[in-house]
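Some notes on the structure that comes next.
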Amino acid sequence: MQFTGFRDDERNGWNARADVYDVATAQATLQSIPMLLHMARLYHGARVLDMGCGPGYLAATAAALGAEVTGIDFAEAMVAQARARFPGLDVRQGDAEALDMGDASVDIVASNIVLFHLADPARAIAEAARVLRPGGRFAFSQWVGPESSDLYREVAAVLAEHADVSRLSPAPDAYALSTPAAARAAMKEAGFEQIETKAVRNVLRAPVGDFFAFFMKFGVRVPRIVEAQEPAVQDRIRDAINARVEPWRSASGFEIPMPSLIIAGAKP
Amino acid sequence: MSAAKFDRRMLEALVCPETRAPLRYDAEAQELISKAAHLAFPIRNGIPIMLVDEARKLED
């Protein structure tokens, strides 16, 4: 299956969210970056590819630590954000599934919360392996699935009860690489060795108010499912999600655990 | 502006995402030409757009 409709949805969705990344998506994704760079064994002078760089935080962090970084993203609005935020950063519009870089041309490939946005994550892992030099390392992160994530357990329960996912383009399994076993298998398949996995305890921080409205800006996949439903169903989903996140509300807003998994390996 | 902003050194690291062959920089058209793939990748505001589905198809 090509998942072309899904691919277009993701690209359009991230273009639309580039301006609100800081107040939404960044409120959980950036917490994975220190462990990701640690497991990538970042070093001063390393040639690094940030695959799916969004507004550039991982790329800029690696650059601040002395790496020579290139960032690619398939959403043009994200590339523009990264350029505006971090002038001088080498960022361009590119496809993780068909990289515009030569074989064995980088020391490290890093990708933060990206692979489940792609139509063919296995192809992106193979591309990472191709552009790495022998001994180079690939590190990526994924959200942990509903079985071990407070946020996604609640969201999944609401969608299972109210949403009809057949109303939108078929999508690959969002959690296909979200367990250590599955992620290891995918890395091994692409030829990686010395594979390591580690959990990071990300906490989604949302402001006081309508959590559902916040969450519709946070990602793309769930909002696409919600938007495809009848208005009355959308209202039920809003009410159900807001009711379910109550336990994590305080006077200063919401803090909901949504752990990530970091996977890293070396190219032989 | 776009012509000045595109860094020629960057070209050395770039390859065609489809054929992985080197690219030729057309400064006038602001495009990166992949002869083997018959594709021209646009450079907009100094940013190469390295997506096959956004590239201009070249005649033989």
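Reminder, nothing fancy here: chain letters follow the sequence lines and each chain counts from 1.
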Quiz item: Does anything in residues 10-49 of chain A pair up under ring pair (Phe, Tyr, Trp, His ring centres under 6.0 Å), and if so which pairs, sequence neighbours excluded?
Solution: A/W14-A/H117
Quiz item: Any donor-acceptor pair under 3.5 Å linking the side chain of A/K267 with the backbone of A/F192?
Solution: no
Quiz item: Among residues 88-103 of chain A, which residues come closer than 4.5 Å to chain B, judged by heavy atom distances?
Solution: A/D90, A/V91, A/R92, A/Q93, A/G94, A/D95, A/A98, A/L99, A/D100, A/M101, A/G102, A/D103
Quiz item: Do we see a donor-acceptor contact under 3.5 Å between the side chains of A/E76 and A/N15?
Solution: yes
Under 3.5 Å, side-chain donor or acceptor atoms of residues 51-62 of chain A against the rest of the protein: list the pairs with distances, not counting sequence neighbours.
from, atom 1, to, atom 2, distance (Å)
A/Y57, OH, A/D22, OD1, 2.6
A/Y57, OH, A/D22, OD2, 3.2
A/Y57, OH, A/R85, NH1, 2.7
A/T61, OG1, A/Y57, O, 2.6

Quiz prompt | Residue part contacting chain B, namely of A/R11, when any heavy atom lies under 4.5 Å | solution = side chain
Exercise. Return the set of residues passing salt bridge (charged side-chain N to carboxylate O under 4.0 Å, His left out) with A/E127 (not counting sequence neighbours), or none when no residue passes.
Key: A/R130, B/R20
Quiz item: Under a 4.0 Å N-O cut-off, is there an ion pair linking A/E196 with A/R41?
Solution: yes
Quiz item: B/E54 versus chain A, heavy atoms under 4.5 Å apart: side chain, backbone, both or neither?
Solution: side chain
Practice problem: Go through the side-chain N and O atoms of A/S260 and A/S32 and say whether any donor and acceptor fall under 3.5 Å apart. | Solution: yes
